[in-house]
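When a residue number appears, it is its place in the shown sequence, counting from 1.
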Amino acid sequence: MSESSERPIIIGAGPGGLAVAWTLKEAGLNPLLLDREKIACSSWHSYYPSLRMNSWRRLSSLPGMRLSSEYGPWPMRNDFLTYMKKYIEVLDPDLRGETEVHRVDRESGRWVVRTSSGDLRAKNVVVATGLHRKPFVPDWPGLDEFEGEFLHARSYSVPDPFVGKDVLVVGCGPTGIDIAVAVANAGASRVRMSIRNMPVLFKLSPSTSLLCQAIKHGPLPHWLVNRASLLMHKMQWGDLSQYGLAAPKEGTMAGTARIGHSYGAIDRGLIPAVREGSIEVVPGVTGFDKKAVLLEGGTNIKPDVVIASTGQRPDMERFLGHLNVLAQPGGRPLVHGGKTAPHAPGLYFQGYRLPPGQLPDMAVDARAIARAITETRRFGLAGALRRR
């Protein structure tokens, strides 16, 4: 079955997709949202309850509705879900849940979105499936034979199951820091964090959020951002080498370019915990051997539990990989917001910018996408390109 429509199609009904739906409806359009899950914002429902936003509340509202001041400067997961429930009620989107997108093709000047319920045709398609769609675990030798408990951080919920256990957290991103601190505070017998490359760590503050937005949407060259981020890390933390924390070797933009996903984190208690000894730092993981976790330098440890906070990936290659619109490594799109690749007019991406700060970016990009689509409808593609 094939359904033809001039309505924009939005793939993904998380905060990014809903933000675009709001701006398009404001512009007089009636977008169709598709999501593989039954409910909107399904990823946020699956996050651990103690998750706290890293972006300042004043910068993190989606178009059309402000985050309430009652949530404080750094809203929790449940605060944001309450906000999104109200947002969806007011928006009243046309949402088709439980609809999996298998492939997006270009045919006769239109996009064909091939879904589990049939083909949909549209002039404009917005991809908003999110940065954190598929958990990533490195291909560690011996992992399949590991005799301890192993889980990805995406499966973590609360620290209670780890009380009294020897826990190794692999990865020093925001989630890894949250989990390590929570597990240590809850009463794990021992908590270690494996860090291969020390990222730039920032203290949580409104000024940090403002600076991140200025960096991403401003004219600063990457070399300057790299130097500034390394300087900020040094000024905030000093020399931490006596605790096993080496100084970062590269700035945020260089690290992000190298690994293809976010490089840098907001510290929510890791440095104080390392200084007081409740969290120990160990080298990067190289593999597993039955009960042992092998580390760089030839040493090994035998934790009861390994929690891999090794990131997640957008996982768009399976339905967009043939269009040459994704960058490698990481699989993020080549363009964002109101821009489209020259060979893929009308295909927009929302919610994939790095370094992190996704909610502020979503508001900016949602408005840019709505402007681009309405200008294309009004003036044609050539006129819209002249107005960028």
Side-chain angles (χ1 to χ4, degrees), residues 5-34 40 55 58-67 84 87-88 90-95 104 106 109-111 113 120-131 210 212-220 316 320 323 325-327 332-354 357-388:
S5 175
E6 285 302 307
R7 299 169 62 191
I9 293 175
I10 302 171
I11 305 173
L18 292 165
V20 174
W22 189 293
T23 58
L24 289 176
K25 290 190 77 171
E26 280 187 334
L29 303 178
N30 183 28
L32 172 63
L33 279 85
L34 308 175
S55 57
R58 290 181 178 272
L59 296 178
S60 301
S61 298
L62 299 181
M65 184 181 297
R66 290 190 175 278
L67 276 160
M84 290 309 304
Y87 196 86
I88 293 167
V90 175
L91 174 62
D92 189 24
D94 184 357
L95 169 62
V104 178
R106 184 76 172 168
R110 293 289 186 273
W111 293 106
V113 181
L120 301 168
R121 298 179 183 275
K123 183 177 181 180
N124 297 289
V125 173
V126 181
V127 181
T129 53
L131 271 170
L210 287 167
C212 286
Q213 287 306 104
I215 287 171
K216 281 181 288 187
H217 299 289
L220 296 178
M316 293 186 287
L320 293 178
L323 295 176
V325 293
L326 304 178
R332 291 185 301 113
L334 296 170
V335 294
H336 303 271
K339 296 182 179 180
T340 60
H343 59 283
L347 183 63
Y348 301 90
F349 292 89
Q350 156 75 313
Y352 301 96
R353 289 186 184 270
L354 292 175
Q358 294 175 55
L359 288 170
D361 296 335
M362 286 175 184
V364 172
D365 284 344
R367 296 186 180 98
I369 290 170
R371 286 194 301 270
I373 290 176
T374 52
E375 287 184 354
T376 300
R377 285 168 58 89
R378 188 178 308 158
F379 303 109
L381 179 59
L385 291 173
R386 285 196 299 270
R387 286 167 173 77
R388 286 187 182 176

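Between T23 and A370 the shortest heavy-atom distance is OG1-CB, 3.4 Å. Listed here is the closest heavy atom pair of A344 and V325: CB-CG1, 3.9 Å. The two residues I88 and A40 have their closest heavy-atom pair at CD1-CB, 3.7 Å. Looking at every heavy atom in both residues, A27 comes nearest to T374 through CB-CG2, 3.3 Å.
In this structure A368 satisfies the side chain to side chain contact (heavy atoms under 4.5 Å, CB included) test together with R371, sequence neighbours excluded.
Between L59 and L359, every side-chain heavy-atom pair lies at or beyond the 4.5 Å cut-off. Between R353 and L131 there is no side-chain heavy-atom pair separated by less than 4.5 Å. Using a 4.5 Å cut-off on side-chain heavy atoms (C-beta onward), V125 and P8 make no contact. The shortest distance between side-chain heavy atoms of K339 and P333 does not fall below 4.5 Å. Two residues are said to be in side-chain contact when any heavy atoms from C-beta on lie closer than 4.5 Å; Y87 and P63 meet this criterion. Taking 4.5 Å as the limit, some side-chain heavy atom of L320 sits within range of a side-chain heavy atom of L326.
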(message) For M316 and F349: C-alpha separation, side-chain torsions, deciding distance, then whether side-chain contact (heavy atoms from CB on, under 4.5 Å) applies.
(response) CA-CA 11 Å; M316 293 186 287; F349 292 89; 4.2 Å; yes
(request) Verify side-chain contact (heavy atoms from CB on, under 4.5 Å) between V126 and I9, making sure each step is shown before the conclusion. (result) CA-CA 6 Å; V126 181; I9 293 175; over 6 Å; no
(request) Just do the side-chain contact (heavy atoms from CB on, under 4.5 Å) check on L32 and L120 with the steps written out, would you? (result) CA-CA 10 Å; L32 172 63; L120 301 168; 3.9 Å; yes
(request) Show your reasoning for whether side-chain contact (heavy atoms from CB on, under 4.5 Å) applies to V127 and Q350. (result) CA-CA 6 Å; V127 181; Q350 156 75 313; over 6 Å; no
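Taken to the nearest 0.5 Å, the CD1 atom of I10 stands 10.5 Å off from the CG atom of N124. Rounded to the nearest 0.5 Å, atoms CE (M65) and CE (M84) are 9.0 Å apart. To the nearest 0.5 angstrom, S55 atom OG is 9.5 Å from M362 atom CE. Taken from CG in L33 to CZ in R7, the straight-line distance is 9.5 Å, to the nearest 0.5 Å. Rounded to the nearest 0.5 angstrom, S60 OG and L67 CG are separated by 6.5 Å. Note that the CH2 atom of W22 and the CG atom of L91 stand 6.0 Å from one another [nearest 0.5 Å].
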For residues 11-20, tabulate all N or O donor-acceptor pairs below 3.5 Å that involve a side-chain atom, not counting sequence neighbours.
none

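The cationic group of R121 does not satisfy the cation-pi geometry with W111, failing either the under 6.0 Å distance to the six-membered ring centre or the 45° limit from the ring axis.
Between D92 and K25 no salt bridge is recorded (no basic side-chain N to carboxylate O distance below 4.0 Å).
Counting only N and O atoms by type, the side chains of T129 and Y352 include a donor and acceptor under 3.5 Å apart.
A donor-acceptor pair under 3.5 Å links the side-chain atoms of H343 to the main chain of L323, judged by distance alone.
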